[in-house]
Every structure is written in C-alpha cells, then in structure tokens.
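Contents: one structure, followed by commentary.
All ligand and atom numbering here is 1-based and tracks the order in the structure.
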Amino acid sequence: GAGGESEAPILTSLEDGVGLIRLNRPKALNALNQETMHAVVDTAEAWDADPEVRAIVLTGSAKAFAAGADIKEMAAKSYPEVYAADWFARWERLAEVRIPVIAAVSGYALGGGCELAMLCDILVAGEGARFGQPEINLGVIPGMGGSQRLTRAVGKAKAMDMVLTGRMMDAQEAERAGLVSRLVPDDAVLDTALEVARSIAAKSRPATMIAKEAVGAAFETTLGQGVRFERRVFHSLFATEDQKEGMAAFAEKREPRFRGR
Ligand code: CAA
C-alpha cells in the first residue's frame with residue numbers, strides 16, 4: 001500500500017475513561033490493511049477488558065476516515081488464501097466489544113471504511129463526509145458486513161442503490177437515511193465525538209454496556225424476544241449500586257456519582 005508502512009498503523013490515547021484510536025495511514029487514505037485491523041481490534045479488546053475505560057472513539061484524518069480495505073494488499077490473493085485466512089473476519093470482533101464505540105467520520109468512508117463506521121455504535125459525521133460501498137467497481141462486493149449493516153441502517157431501497165451502483169452518499173443524505181447519528185461541521189467532528197464519549201463515560205458503566213447490548217439485540221431477535229430480554233436486563237440493573245445512586249441522586253436533586261458497580 002501507499003505510505004505509512006514505517007509508522008504505526010494507529011495512534012492511541014486514553015483520557016478520563018475515553019480511549020481514542022486514530023487511523024494513521026493518511027497517505028493511503030487510511031486503507032485498512034491486516035496490520036491496521038489487528039491493531040484496532042487488539043486495542044479495542046484491551047480497553048473493553050479494562051474497567052477504567054468506558055467508551056472508545058475511532059477516527060481517521062480530515063480527508064478520509066478510511067477509503068476501504070487495502071486494495072493493493074488484497075489484489076493478488078487467491079480464493080484459498082482469503083478463505084483460509086477468513087479475510088476480514090477479525091473486524092467482526094469490534095461489534096462484540098461491549099463498551100460503546102463512537103465513529104468520528106470526516107472525509108471518505110468507503111467500502112471497509114463505511115463498514116468500519118457501521119461496526120461502531122454511534123456515528124458522528126462532518127458535513128463533508130462521503131459514504132459508499134464501491135466494491136462493485138472492483139468486481140467484488142462488501143466483505144466487512146456492509147450488505148447487512150447498510151441494509152439495516154438505511155433500508156433496502158438505498159442499500160441496493162449503493163451496493164449495486166457503488167455511488168457515494170453525501171453526509172446530508174446519510175443523515176436523512178439513518179446512517180449518521182449526528183451531523184456537525186467538519187471541524188467539530190472529533191470534539192463532538194469525544195464529548196459524546198465523555199458523556200457516556202460519566203454514566204454507569206454496567207448500565208451503558210447493558211443498554212448497548214439491548215439495542216444490539218433488536219438486530220438479532222424477534223420483537224417479543226427482544227422486549228423480554230430488555231425487561232430481564234433492566235431488572236438486573238437493580239443489582240447495581242449505580243442504580244441506587246442514580247435514583248437517590250434524582251430524589252435529592254443532585255448529580256449522580258456512578259462508580260461502575
Ligand atoms: N486501498 C489501497 N490504497 C488506497 C485505497 C484503498 N482502498 N484508497 C486509496 N488508496 C491510495 C491510492 O492508491 C493512492 O496511493 P498512491 O499515492 O500510492 O497512488 C492514495 O491512497 C491516495 O488516493 P488517490 O490518489 O486515489 O486520492 P483521490 O483523492 O484521487 O481519490 C478516492 C480518493 C476516491 C477515495 C480514491 O482513493 C478511491 O476510489 N479509493 C478506493 C475506494 C474503494 O474502492 N474502496 C473499497 C475498497 S474494497 C473494500 O473495502 C472491501 C470490503 O468490503 C472490506
């Protein structure tokens with residue numbers, strides 16, 4: 001791939017319970033090679049296991065969140081090679097991270113870049129962001145979950161249009177279609193995502209994890225099963241000190257101090 005090989009594929013920092021992952025292959029528009037996949041997923045898994053970390057923000061550069069999987073790395077691969085490696089499978093572990101993950105998207109989010117943003121829980125986008133699944137132009141199809149998650153996010157009409165023609169959506173269309181959680185000026189993307197993450201980090205860690213799991217269940221189960229699951233995990237939160245603290249703070253008209261247990 002172009003550029004960045006001598007540098008770390010990602011940059012990370014951790015502050016006030018919020019972990020920040022910045023994709024760091026700007027010359028290749030953050031094309032997602034295998035090294036980047038392992039770095040992102042390893043970091044997210046380590047933070048997920050650390051009780052001090054309560055939310056993760058994932059971002060790219062001003063020009064590109066990520067312009068897709070690394071085409072140059074894949075181009076010569078054979079079917080037995082991609083099959084044996086279960087190419088892209090490790091990305092799916094990001095969806096299994098239990099603390100909330102927020103995508104801060106500026107510029108291109110194409111192919112695997114769009115799919116990576118959709119693996120996150122909340123998507124903050126800049127007004128100049130562009131989303132697409134252009135794999136069809138390469139003679140392939142999305143391979144990191146795009147045919148499934150884009151369809152669930154925006155419905156069949158737009159998903160078919162995007163996946164079959166490879167056209168890009170601008171940020172306004174993506175927000176109207178339900179792909180984007182918050183649309184903000186380009187220069188406010190990272191600050192807004194960090195603000196969202198910090199607001200989540202101030203809440204009860206078990207409650208935010210269970211909230212994420214409950215919303216996620218809506219994509220995996222029937223309505224009846226999902227509602228029953230929600231009620232059971234709602235009940236389970238009454239076993240936490242944070243529930244007692246949150247409700248006591250409301251009655252006492254003060255801010256709650258959640259301790260994550
Ligand atoms: N893989 C590897 N390299 C990439 C890349 C990618 N996905 N996207 C961009 N690059 C590289 C370019 O090759 C170029 O490298 P060189 O400087 O060495 O030539 C550098 O990044 C800058 O890119 P451009 O010169 O093309 O920049 P541009 O501003 O003219 O165009 C763009 C920007 C429209 C995003 C264009 O780069 C582009 O179309 N990229 C590919 C988009 C794409 O097809 N993504 C899907 C990939 S397949 C996939 O993701 C499979 C999956 O489902 C997981």
Side-chain angles (χ1 to χ4, degrees), residues 1-11 21-41 44 58-79 81-96 101 103-120 123 125-154 158-171 173-174 179 186 189:
E5 286 91 342
S6 58
E7 294 159 32
I10 62 169
L11 303 174
I21 301 175
R22 185 189 285 277
L23 302 173
N24 187 40
R25 302 185 69 216
K27 285 183 223 130
L29 304 185
N30 290 325
L32 302 166
N33 60 9
Q34 297 286 288
E35 190 194 5
T36 307
M37 172 179 77
H38 288 294
V40 169
V41 177
L58 178 59
T59 196
S61 66
K63 184 171 177 191
F65 176 72
D70 192 319
I71 298 167
K72 294 163 190 171
E73 186 184 53
M74 298 186 283
K77 296 270 178 230
S78 68
Y79 168 75
E81 282 174 308
V82 291
Y83 176 77
D86 207 1
W87 204 256
F88 298 143
R90 185 151 173 68
W91 281 118
E92 204 55 30
R93 284 286 302 123
L94 201 56
E96 288 156 29
V101 182
V105 178
S106 295
Y108 295 111
L110 300 178
C114 186
E115 294 167 291
L116 178 56
M118 292 191 293
L119 279 162
C120 301
L123 200 166
E127 282 161 354
R130 315 205 51 194
F131 298 87
Q133 297 290 161
E135 290 90 345
I136 203 76
N137 298 325
L138 302 168
V140 291
I141 69 164
M144 278 170 57
S147 64
Q148 306 304 300
R149 289 199 174 85
L150 185 67
T151 307
R152 281 166 164 78
V154 306
K158 282 199 190 285
M160 283 287 189
D161 179 4
M162 306 284 293
V163 170
L164 290 173
T165 71
R167 81 166 171 94
M168 292 187 212
M169 261 193 203
D170 65 25
E173 182 181 4
L179 184 60
D186 286 316
V189 171

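In terms of N/O distances under 3.5 Å, ligand 1 is not approached by Gln133. Between Ile71 and ligand 1, at least one pair of N/O atoms sits closer than 3.5 Å. Of the polar atoms of Ala67, at least one N or O is found under 3.5 Å from an N or O of ligand 1, judged by distance alone. Note: an N/O pair closer than 3.5 Å links Gly143 and ligand 1 by distance alone. Considering backbone and side-chain atoms alike, Pro142 places every N or O at 3.5 Å or more from each N or O of ligand 1. Taking any N or O of Ala69, backbone or side chain, at least one lies under 3.5 Å from an N or O belonging to ligand 1.
Put simply, no part of Gly146 is less than 4.0 Å from ligand 1, judged by heavy atoms. Glu73 does not count as a contact of ligand 1, since none of its heavy atoms falls under 4.0 Å from the ligand.
Across all non-hydrogen atoms, the minimal contact from Val105 to Ala129 is O-CB, 3.9 Å. Heavy atoms only, all atoms of each residue included: Glu115 and Pro142 are closest at OE2-CB, 3.3 Å.
Counting only non-hydrogen atoms, the option in Gly166, Gly112, Gly132 that gets closest to atom 50 (O) of ligand 1 is Gly112. Taking each of Met74, Lys72, Glu135, Glu115 in turn, the one with a heavy atom nearest to atom 12 (C) of ligand 1 proves to be Lys72.
When each of Thr36, Asn30, Asn33 is checked for a side-chain contact (heavy atoms from CB on, under 4.5 Å) with Asp70, only Asn33 meets the rule.
Contacts with ligand 1 closer than 4.0 Å are made by side-chain heavy atoms of Lys63 only, the backbone lying farther away. The residue Leu32 has no part lying near ligand 1, judged by heavy-atom distances below 4.0 Å.
Here the side chain of Thr59 pairs a donor or acceptor atom with the backbone of Ala104 at under 3.5 angstrom. The closest donor-acceptor contact from the side chain of Arg130 to the backbone of Met168 lies at 3.5 Å or more, if one exists at all.
If you take CZ on Phe65 and CG on Leu123, they are separated by 7.0 Å, rounding to the nearest 0.5 Å.
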